[in-house]
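Have a look at the structure below before the remarks.
Note that the coordinates shown come from a computational prediction; the quantities given were computed from them, not determined experimentally. Below, each value reflects all heavy atoms present in this structure, side chains not excepted, and no hydrogens, waters or symmetry copies.
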Amino acid sequence: MKSCTTLLVTALALGLSTMPACKSREKTASPDDAPSTQIEILGKFDADSAYTFVAQQVAFGPRVPGTPGHTACRDWIVDKLRSYGADSIIVQNATVTAFNGDCLPISNIIAQFNKLVQRRILLVAHWDTRPWADECPDPERRNEPIPGANDGASGVAVLLEIARNLAMEHPNAGVDLFFTDAEDYGKSTGFDNNEETWCLGTQYWVKNMTPYTHDNLPVYGILLDMVGGKDARFHQEAFSQTNARTITDKVWSEAQRAGHADRFIPKVGGAVVDDHIFLSRAGIPTTDIIECNSQATSTFPISWHTHNDNLSNISPRTLLAVGQTVLNIVYKEKAY
């Protein structure tokens, strides 16, 4: 990823097309003990488990397509999904060409839960990492790949922890987890004219949306990207608000019910070139949970595309805020 700008007009100018039976439930008083406000928790999202999933990915090293770390991480994700009883696991292997001519062997991974249910939702995260630390303060290290603890591993970790929950308590609706590849191999200059250089795995997938047809697409999608940073605050990404407003508002409202209103700010932040714009164009309105208005930078987190994107900047509290919010949505979704 990507490009981030705080101008909503940029999102509008792009012209993107727009398109619950509850599980185990625990209600506790809100932190301020206001009697009219209750926190709603569905499932058992474990922040420590999610953090461990981040650490396990980082331990593989950079997950750049074509590297040993990439292959090892792919196999690990598939094994995890298999262990959690996914009804089907599809690994879409392909070769794509990057903007600089590099040929990248990629693997998109799709896991389905409740495969026979017609109404489906799509949860998305990219699992590759940036091959260059182009924002590194040290110019001599800018050609080295980043650890990708937040930018890559955090979204995957939340999806895997959700999968662990789905193994214990099945949802009513169909839930598909999409781990997309080669998201972060894009051109770092001239973002507005180079959006097609990013999200190569998703761009490949929308040309052949295995296992869907245009008649049975998921009703909406939620993209998780950079969702583990310390003290992260999530504003509503501008393209999401423009092209997937219903699900965007749904996510931020659910965050409040889950007790995470301090993390989910119901104001528009930056406009980000990310996987969701290609999914929305393909007919799956998708919102992007991403830190795009950092207090430190007014854009992405300060560790973005640097070697500081490591475990020291990952917060279980942030993973919990995002994971519990999305898990609540999953368990409230109806089968029709």
Side-chain angles (χ1 to χ4, degrees), residues 8 11 16 18-45 47 50 119-125 155 158-159 161-162 165-166 171-175 218-229 231-272 274 276 279-280 284-293 317-336:
L8 179 57
L16 303 182
T18 60
M19 304 260 5
C22 297
K23 300 295 178 179
S24 60
R25 180 177 300 186
E26 176 185 350
K27 290 189 176 181
T28 58
S30 63
D32 60 4
D33 294 325
S36 61
T37 304
Q38 290 183 316
I39 294 174
E40 191 170 25
I41 299 174
L42 306 183
K44 297 179 180 179
F45 192 93
R119 180 179 174 84
R120 314 200 64 78
I121 61 176
L122 185 68
L123 307 181
V124 188
V158 171
L159 292 195
E161 176 58 16
I162 288 174
N165 273 263
L166 298 182
N172 292 312
V175 180
V219 291
Y220 62 79
I222 301 175
L223 171 63
L224 311 180
D225 198 347
M226 295 198 293
V227 293
D231 300 318
R233 299 294 184 270
F234 301 101
H235 291 71
Q236 295 177 337
E237 189 274 333
F239 293 140
S240 302
Q241 184 59 263
T242 302
N243 300 291
R245 183 165 186 170
T246 298
I247 181 56
T248 300
D249 291 345
K250 183 176 185 175
V251 168
W252 266 254
S253 295
E254 192 58 53
Q256 183 173 22
R257 286 188 287 272
H260 301 297
D262 61 324
R263 296 285 184 154
F264 284 76
I265 311 303
K267 297 180 181 179
V268 177
V272 183
D274 209 347
H276 66 307
L279 293 169
S280 291
I284 307 172
T286 302
T287 191
D288 192 1
I289 303 176
I290 185 170
E291 187 178 4
C292 58
N293 192 6
R317 167 70 175 83
T318 306
L319 295 170
L320 175 64
V322 174
Q324 188 63 65
T325 297
V326 176
L327 193 59
N328 277 12
I329 291 173
V330 166
Y331 279 134
K332 287 183 178 181
E333 195 63 52
K334 296 181 179 180
Y336 54 87

Would you sort out whether D249 and Q241 count as a side-chain contact (heavy atoms from CB on, under 4.5 Å), showing the intermediate values?
CA-CA 8 Å; D249 291 345; Q241 184 59 263; 3.6 Å; yes

Sorted by chain and residue number, the side chain to side chain donor-acceptor pair (under 3.5 Å) partners of R233 (sequence neighbours excluded) come out as none

Spatial distance of atom CD1 (I284) from atom CG (L122) [nearest 0.5 Å]:
5.5 Å

I'd like to know if the side chain of W252 reaches the main chain of K267, judged simply by a donor and an acceptor atom lying under 3.5 Å from each other, with no hydrogens or angles considered.
no

Interatomic distance, CZ@R257 vs CD1@I41, rounded to 0.5 Å, equals 14.0 Å

Mind checking the CD-CD1 spacing from E237 to I289? Nearest 0.5 Å is all I need.
11.5 Å

Counting heavy atoms not belonging to R245, are there more than 12 under 6.0 Å from its CZ?
no

Closest heavy-atom pair, G43 versus Y331, reported as atoms and distance to 0.1 Å, is CA-CE1, 3.7 Å

State the CG-NE2 distance between N243 and H276, to the nearest 0.5 angstrom.
8.0 Å

Which pair of heavy atoms, one from V219 and one from R119, lies closest together, and at what distance?
CG1-NH1, 3.7 Å

For A232 versus E291, what's the shortest heavy-atom pair and its separation?
CB-OE1, 3.4 Å

Looking only at atom types and distance, does a side-chain atom of T287 sit under 3.5 Å from a main-chain N or O of I222, one as donor and one as acceptor?
no

Between S240 (side chain only) and D288 (backbone N and O only), is there a donor and an acceptor less than 3.5 Å apart?
yes

Nearest atoms (heavy-atom pairs only) where A47 meets L319:
O-CD1, 4.5 Å

Taking it one step at a time, do I265 and N293 satisfy side-chain contact (heavy atoms from CB on, under 4.5 Å)?
CA-CA 10 Å; I265 311 303; N293 192 6; over 6 Å; no

Is any side-chain heavy atom of V158 closer than 4.5 Å to one of F45?
yes

So how far is it from L166 CG to L123 CG, rounded to the nearest 0.5 Å?
8.0 Å

Between P218 and I121, is any pair of side-chain heavy atoms under 4.5 Å apart?
no

Side-chain polar contacts of residues 320-327 - donor-acceptor pairs under 3.5 angstrom, sequence neighbours left out - could you list them?
residue	atom	partner	partner atom	Å
Q324	NE2	L42	O	2.9
Q324	NE2	N328	OD1	2.9
T325	OG1	A321	O	2.7

Which heavy-atom pair separates P285 from I247 by the least distance, and what is that distance?
O-CG2, 4.2 Å

Between the side chain of N165 and the main-chain N/O of K44, is any donor-acceptor distance below 3.5 Å?
yes

Compare every heavy atom of F264 with every heavy atom of V251, then report the nearest pair and how far apart it is.
CG1-CE2, 4.0 Å

Side chains of Y220 and I329: closer than 4.5 Å at any heavy-atom pair?
yes

